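Not measured: the values here are computed from a predicted model.
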Amino acid sequence: ARMTTRGSGVRVGIYVSAAKLRKLKWPALATLGATLDPSRVAAVVPLDLDEAAAPLEAQAGGALDVVVHKLTDQIAEGTEAARLQAARLQVYLDAHPAIVQVDPLHVQQRLSRRSTIAQILAELTTRLPPKLAGRVRNLHTLVVASPSVADFDFSKLRFPVMCKKDVACGASDTHVMAVVMNKESLLKHFTPPYIVQEFVNHNSVLYKIFLLGTHVFIQKRPSLPNFAADDATGNDGVLVYDNQKPLQPQLAAWVSTPDSRYIAPAIEGNAAVAEEDLHVLARELGKVIGAALVGLDLVVDAVTGDLALIDINYFPSYSGLVSAQDFFYMVVEYAQQKQHEQQAATLTSKI
């Protein structure tokens, strides 16, 4: 196969939106290729999926070995224009089955809704080595899909809970979520469809784990405070925030309201987490969904020390973790490994 021959660099096609490029803080794609080692990456070819653009065959300017793409926003939007963009890329990829996709559209499809993300997290907990399985917890999640809330059993939910939209990407309000202190507030303030996820006190520390091919990066971020459970009826407790914006100013505004009575102090004790465990989690997640570019959010339960899985993001921002150049080297390394595995599987099936 072309990609595995030494001395000839790999040609990588890429489609990401202009907004995503700004988040990644990469240099312009058109000039990036010149900064790469040509024996590893011969070219980075930006792809334009708009209807008015030239056919992808012409844009590619020859065979591509790898195509990196992020179409979760288009999948979530579901508009005709967005659907056509995804279809255009799929037709091109179907015509060139040797291209390694990072990552396939069907993977991105599963990561565009929080209801399917919850299923993936549940599957991940069943695929872990015993030492880790006993400590990893998939949070109780309820998918409230129809407007008739009476159809749903809220009895297993322990408040407070997180309330989020089912659509995980695309529209700007998909990143707006709420901590809801009691059932009354949930029914009063939120209209289905939404996802309700148990909230875990975690001493305001969120772990963001980034998988890039076979490489794992870990960041600790400030997070929400601990909250006291509220069983009283008639209380109205809701903290709404945007997780794409700095959290502290949003919290500061909330602390000055009567709802600040729900904030609970930090809990001594169980916050230690081994970095190696987080690496195992990230790599297992990559295997479970067949993806190279994923982020996993988790917290450590301040009471039990369990690792509580919160969310998965497709193609998170690796800004500040790896350079644009290393991103492409790591993607190519993953694609070559994937191609070797596929060739080995084909050979085995023939024996």
Atom [atom1] of [X] and atom [atom2] of [Y]: how far apart are they, to the nearest 0.5 Å?
X: L239; Y: C163; atom1: CG; atom2: SG; result: 12.0 Å
X: F199; Y: L157; atom1: CZ; atom2: CG; result: 14.5 Å
X: D94; Y: Q90; atom1: CG; atom2: CD; result: 4.5 Å
X: Q59; Y: L49; atom1: CD; atom2: CG; result: 7.5 Å
X: I310; Y: L121; atom1: CD1; atom2: CG; result: 9.0 Å
X: N203; Y: N226; atom1: CG; atom2: CG; result: 5.0 Å

Q. So which residues get pulled into V143's cluster when ILVMFWY side chains under 4.5 Å apart are joined, directly or through others?
A.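 V143 shares its hydrophobic cluster with I195.
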Below 4.0 angstrom, N of the basic side chain to O of the carboxylate: do [X] and [Y] qualify?
X: R11; Y: D65; value: no
X: D277; Y: K131; value: yes
X: E284; Y: K287; value: yes

Hydrogens and angles aside, do [X] and [Y] bring a side-chain donor and acceptor to less than 3.5 Å of each other?
X: T72; Y: Q108; value: no
X: Q339; Y: Y334; value: no
X: T125; Y: N138; value: no
X: K23; Y: Q244; value: yes
X: E57; Y: H96; value: yes

Answer yes or no: is there a side-chain heavy-atom contact under 4.5 Å between [X] and [Y]?
X: V303; Y: I267; value: yes
X: V176; Y: Y241; value: no
X: V66; Y: I99; value: no

Q.
Run the side-chain hydrogen bond (donor to acceptor under 3.5 Å, both in side chains) test on K164 and Q197 for me, step by step, so that the C-alpha distance in whole Å, both residues' side-chain angles and the decisive distance to 0.1 Å come before the verdict.
A. CA-CA 8 Å; K164 317 172 186 184; Q197 184 183 56; 3.0 Å; yes
Please find the pair of heavy atoms, one from [X] and one from [Y], that lie closest to each other, and give the distance.
X: P27; Y: L32; result: CG-CD1, 3.6 Å
X: L105; Y: A86; result: CD1-O, 3.9 Å
X: L212; Y: F217; result: CB-CE1, 4.1 Å

Identify whether [X] and [Y] are in the same connected component of the hydrophobic contact network (ILVMFWY, side-chain heavy atoms under 4.5 Å).
X: V216; Y: V299; value: no
X: L139; Y: V136; value: no
X: V161; Y: V238; value: yes
X: L187; Y: L142; value: yes

Q. Parallel, tilted or perpendicular: which describes the rings of F227 and W254, with under 30° parallel and over 60° perpendicular?
A. perpendicular
Q) Which of parallel (below 30°), tilted (30 to 60°) and perpendicular (above 60°) describes F190 and Y194? A) perpendicular
Q: Only one of K156, H140, R158 passes side chain to side chain donor-acceptor pair (under 3.5 Å) with E198; say which it is.
A: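 So the option named by the test is R158.
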Q. Looking at H202, R135, R137, which one forms a side chain to side chain donor-acceptor pair (under 3.5 Å) with D301?
A.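 Of the listed residues H202, R135, R137, the side chain to side chain donor-acceptor pair (under 3.5 Å) partner of D301 is R137.
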Q. Can we call the ring centroids of W26 and F328 under 6.0 Å apart?
A.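 They qualify: ring centres under 6.0 Å apart.
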(Q) Among L24, L293, V332, exactly one meets side-chain contact (heavy atoms from CB on, under 4.5 Å) together with F327. Which residue is that? (A) L293
Q. Quick one: side-chain hydrogen bond (donor to acceptor under 3.5 Å, both in side chains) partners of H279, sequence neighbours excluded?
A. none
**Q.** Residues L186, V144; criterion side-chain contact (heavy atoms from CB on, under 4.5 Å); working and verdict
**A.** CA-CA 11 Å; L186 182 66; V144 182; over 6 Å; no
**Q.** Residue pairs, two or more places apart or on separate chains, that pass ring-ring contact (aromatic ring centres under 6.0 Å, His included) and touch residues 33-76
**A.** none
